[in-house]
Amino acid sequence: MVFQVKWVMAHTDDLYYIEKTQSGDAASFAFLVNRYKDMVYSIAIKILRDADEANDIAGIVL
């Protein structure tokens with residue numbers, strides 16, 4: 001149950017920052033990039049098994 005509450009709170013926060021980003025708020029975009037950059041890189045490295053390629057893909061995604 002605690003996990004669900006944390007996920008809902010994070011999801012709500014994300015929606016707030018996404019809406020702000022869509023309105024042109026660069027700080028909100030930076031917040032989202034900072035929140036997800038490690039996760040994106042981690043997924044890319046697991047799939048590609050190459051650090052340079054994973055870094056390139058993470059940069060493109062974000």
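Small disclaimer: the values here were computed from a predicted structure and weren't measured.
Legend: residues meeting side chain to side chain donor-acceptor pair (under 3.5 Å) with Asp38, ordered by chain and number and at least two apart, are absent. Partners of Tyr41 according to the ring pair (Phe, Tyr, Trp, His ring centres under 6.0 Å) rule, which considers only residues two or more places apart in sequence or in another chain, do not exist here.
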Show me the donor-acceptor pairs within less than 3.5 Å that the side chains of residues 43-50 make with the rest of the protein, sequence neighbours left out.
residue : atom : partner : partner atom : Å
Asp50   : OD1  : Asp52   : N            : 3.0
Asp50   : OD1  : Glu53   : N            : 2.8

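Judged by distance alone, with hydrogens and angles left aside, the side-chain atoms of Thr21 form a donor-acceptor pair with the main-chain N or O of Phe29 at under 3.5 Å.
Pairs passing the salt bridge (Lys or Arg N to Asp or Glu O under 4.0 Å) check and including a residue from residues 18-31, sequence neighbours excluded, read Lys20-Asp25.
A distance of 13.5 Å separates CG in Leu62 from CZ in Arg35, rounded to the nearest 0.5 Å.
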